[in-house]
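Comments concern the structure below.
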Amino acid sequence: MKILFAAAEAYPLIKTGGLGDIASGLPSALASLGASVCLLLPAYPEAKAKAKATGKSIALSNPLGAGEASLIEASMPDSGVNVLLVDCKTLYERPGTPYGDTDGHGWPDNHLRFALLSFAAAMISAGGAFGFRPDILHVNDWHTGLAPLYLKKSKKARPPSVFAIHNLHYQGIFEPNLLRSIGLDSHDFTIGGVEYHGKISFMKAGIQYADRITTVSRTYAREILRPETGEGLHGLLGARVNVLRGILNGADYKLWNPDQDEAIAAKYSATRLGGKAKCKLALQRQMGLAERSDAPLLGLISRFADQKGIGILLGALDGLFALGCQLVVLGSGEPWFEAALRSAAKDFPKQAAAVIGYDEELAHRIQAGADMLLVPSLFEPCGLTQLYALKYGTLPVVRRTGGLADTVVDFQEGAAGTGIVFGEAASAGLLFAVKRGIELYRRPSDWRRVQKNAMKQDFGWQTAANEYMSLYNEMLREKA
Ligand code: ADP
């Protein structure tokens, strides 16, 4: 089985969030099941520097008139999974993230940058590259949403495609006058095509033209069919519900495992928990917090976007500090969230620390050093930080939504509890959940029991990879 897996980011080449983890973990898990997987990514400078290039490349015929482009053959530095990088200096060679400049403004030519990625995915699917001709095209989120449409337009025999929705909120909406620049015309700009309230929607293209649609948890697969959580696309998704499936993401335990983690102060496991206390002390020291083993230490590692419930956290801060909690936050995003968290850290220097930015190593240290990890999201398609927290024996405090609801069991729901779950999307809900967490924390043997339950959970990629393989096989049987 040959699979072309196209995405806007993949760790360790480049990562801004969960998609980066998934585009590295899933291809590698599929490869270990015997599939031949090739990852397709734009040749951002970081990706070019980190991927192991074979020295071979193929010139592309400037398909969208965006500038000279080529495909670079390479492999992943860790897993060895094959990689193709779409090189186009005018589009990808610039500082910043895959999506915007260093100040967080989206690139004005994102329509072209991701149209070219999608076009390359379709071209390789229809014609092959470096002797690789995929049986399945698996594309991810709006950045690659046009690929199934380009593929449909191609005259050649085409493999079936899967469009995976990692977050329906970000849809890739562009002005209609850009239609021709991305190789589309008025026939595509219809209600049955890419037109969405008078604009072009890359997300809609993926949903409309892929043979199968997946999303990253069962609960989110149901939520996106409802008007209040369907981000305006519930109707279209409802019309395609027979090809929609929720497949829970996995965690890469080669990278996220306290027993093997080189970034943390002391390694530990469910049977040797001693190291966790050392990790807590090291984190308190690094962050300048009071070095108290008895203070419940809360962590948060997140993009600072409305989705992530940062507003809920801000409203709960005074209550959390009054309870004697310490808090370490790591993230960046909306400037007012950054400012509010910075100022809380300034007002409560012994209780709170805020690191604004992106720091992979610190993310591991927070996972290991905190007692509880907060994930108060308003919605969460799957969520990965709570999966890592479970493995690190850091009890996740999550809102009951999307993948959070599917992966954490409240400790008061029975002996199998793994964390703390709350329903109300409000600061009072979070505060009450942490209060319940602290009561548990003050009963060490009960706490340990829940912690061990959490650490025993297996959310490794194997399960998801098997589910994707059976989906691919189903599609191939249909095509035959
Ligand atoms: P999303 O993809 O919506 O941002 P997920 O929970 O699915 O959220 O994935 C977030 C990933 O990004 C995790 O691997 C998390 O550790 C990482 N992450 C988020 N913010 C930061 C940050 N500021 N520094 C380091 N890692 C971060």
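Every number for a ligand or one of its atoms is a count from 1 in the order of the listing.
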- prompt: What residues, two or more places apart in sequence or in another chain, satisfy side-chain contact (heavy atoms from CB on, under 4.5 Å) together with Tyr358?
  reply: Lys15, Glu360

- prompt: Does the side chain of Gln284 come under 3.5 Å of the side chain of Gln326 through a donor N or O and an acceptor N or O?
  reply: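 There is such a pair between these side chains.
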
message: With a 4.0 Å heavy-atom cut-off, what residues sit around ligand 1?
response: Lys15, Gly17, Gly18, Asp21, Ile301, Ser302, Arg303, Lys308, Leu330, Gly331, Gly357, Tyr358, Asp359, Glu360, Ala363, Gly383, Leu384, Thr385, Tyr388

Pair Trp256 and Phe459, ring centroids less than 6.0 Å apart: no

message: Measuring from atom CD1 of Ile22 to atom CD of Glu9, what distance do you get when rounded to the nearest 0.5 angstrom?
response: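 Result: 9.0 Å between the selected atoms.
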
message: Against Glu380, only a single residue in Arg399, Lys308, Arg400 fulfils salt bridge (charged side-chain N to carboxylate O under 4.0 Å, His left out); can you say which?
response: Lys308

query: According to the interplanar angle, ranging from 0 to 90°, do the rings of Tyr92 and Tyr44 count as parallel (below 30°), tilted (30 to 60°) or perpendicular (above 60°)?
result: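 Because their plane-to-plane angle is over 60°, the rings of Tyr92 and Tyr44 count as perpendicular.
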
